[in-house]
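As structure tokens, the structure follows; a few thoughts come after it.
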Amino acid sequence: MGRARSGGRGQGDGGGGGGARTVIENVDGGLAQLIPDRDRPRAWTLLIDGAPQSHIDLDDPAYLSFEYQRRFGHVTDLAAPPGKPLRAVHLGGGAFTLARYVAATRPRSTQQVVERDAALVRLVRRELPLDARARIRVRSADAREGLAKVPDGWAGLVVADVFSGARTPAHLTSAEFLDEVRRALAPGGVYTANLADGPPLAHLRGQIATAAARFGELALIADAAVLRGKRFGNAVLVASDAPLPVAELTRRAASDPQPGRVLHGRELLDFTGGANPVTDAAAVASPAPPASVFR
């Protein structure tokens, strides 16, 4: 794909805020924009074809701006004792926001990021360089193919945040995909995924049913209006074969700037409404968000 770039870094490598200007560049997945944050000197928002993907503050990578990323942060904080290094696999890279968060909050963690869009990886590495001390390996590959290369039982945490054209690809929604996640997870490891849906929530219900067929413990964090099917939005799935810290997740979600609810146990299974697990043969991409979501 050809390249169209406007603006520049403005304040040197990894600039932002202040006098920095928007960076616009064609990547494999569409038109990427890195927009400086007016309130934080070295912070940026990444958009692909107008859809917000990531926000990162290079001066404070522990700061999570997006609602769903804060919820990922809560899951990460509770996946192991505070400060303990993690082995983490991130499916979907964006601006590497959560990988940077883990590196900042859990020094000496070893992480793999799998991002199919090689041009996006090059853009982010150039404009928003990773800390050279962070143990973050970035691989340009399909998420499921990249996951297949992770050794058995290697990861304490697997994060799925993969969108193509604002939709999660079908092959990342199936029970067979979750079998691959389970294979890569260490005993007691945690899987968390960003799920997007709107009324009538058929996709979200099917994803919960699929996860319930593969994991012993589940929780779902989302805005109450999303759970009631009142609007399109993000929900963060948490799954493990070990007990989940539901009470603490609930407390943290409720205290967020945009408070979220946590469903767990019978309440979450009832939420599926009898939906069946999704298989590779029947899998479809998540629904496209309405245009009004990004206005």
Atom CD of Gln207 and atom OG of Ser286: how far apart are they, to the nearest 0.5 Å?
8.5 Å
So how far is it from Ile24 CD1 to Thr22 OG1, rounded to the nearest 0.5 Å?
6.0 Å
Can you list the steps and then say if Asp270 with Leu268 is a side-chain contact (heavy atoms from CB on, under 4.5 Å)?
CA-CA 5 Å; Asp270 289 346; Leu268 181 54; over 6 Å; no
Please name the pair of heavy atoms, one in Asn234 and one in Arg71, separated by the smallest distance, quoted to 0.1 Å.
O-NH1, 4.2 Å
Show the nearest heavy-atom pair for residues His55 and Arg40, with the distance to one decimal.
CE1-CD, 4.5 Å
Whether Arg182 engages the ring of Tyr191 as a cation-pi pair (distance to the six-membered ring centre under 6.0 angstrom, angle to the ring normal within 45°) should be assessed.
no
Compute whether any side-chain donor of one residue and acceptor of the other, for Glu217 and His264, lie under 3.5 angstrom apart.
yes
I need the Ile208 CD1 to Leu269 CG distance, nearest 0.5 Å.
9.0 Å
Using the side-chain contact (heavy atoms from CB on, under 4.5 Å) rule, take Trp154 and Leu185 through it: C-alpha gap first, then chi angles, then the decisive distance, then the call.
CA-CA 6 Å; Trp154 183 86; Leu185 279 173; over 6 Å; no
Glu25/Arg122 salt bridge by N-O under 4.0 Å criterion:
no
Test: Arg139 and Glu145 ion pair at under 4.0 Å:
no
Qualifying residue for side chain to side chain donor-acceptor pair (under 3.5 Å) with Asp161, from Thr97, Asn194, Thr168
Asn194
Distance, nearest 0.5 Å, that separates CZ of Arg125 from CG of Leu130
5.5 Å
With side-chain contact (heavy atoms from CB on, under 4.5 Å) as the test, would you mind laying out the steps for Ile35 and Leu47 before giving the verdict?
CA-CA 8 Å; Ile35 300 176; Leu47 287 75; 3.7 Å; yes
In terms of the angle between their ring planes, are Tyr68 and Phe66 parallel, tilted or perpendicular, with boundaries placed at 30° and 60°?
tilted
For Leu58 and Ile56, run side-chain contact (heavy atoms from CB on, under 4.5 Å): C-alpha distance rounded to whole Å, both residues' side-chain angles, the deciding distance at 0.1 Å, then the answer.
CA-CA 6 Å; Leu58 297 179; Ile56 181 64; 4.1 Å; yes
Over 12 foreign heavy atoms within 6.0 Å of CZ, Arg116
no
Closest heavy-atom pair and its distance - Arg214, Asp241
O-OD1, 4.2 Å
I'd like to know if Asp77 and Arg252 make a salt bridge, using a cut-off of under 4.0 Å between side-chain N and carboxylate O.
yes
For the atom pair CG (Leu128) and CZ (Arg42), what is the distance rounded to the nearest 0.5 Å?
9.0 Å
Any ion pair linking Asp131 and Arg133 (charged N to carboxylate O, less than 4.0 Å)?
yes
Does the pair Arg70/Glu67 count as a salt bridge with the N-to-O cut at 4.0 Å?
no
What distance separates His90 NE2 from Ile136 CD1, expressed to the nearest 0.5 Å?
7.0 Å
Check for a donor-acceptor pair, side chain of Asp197 on one end and backbone N or O of Leu204 on the other, with a separation under 3.5 Å.
yes
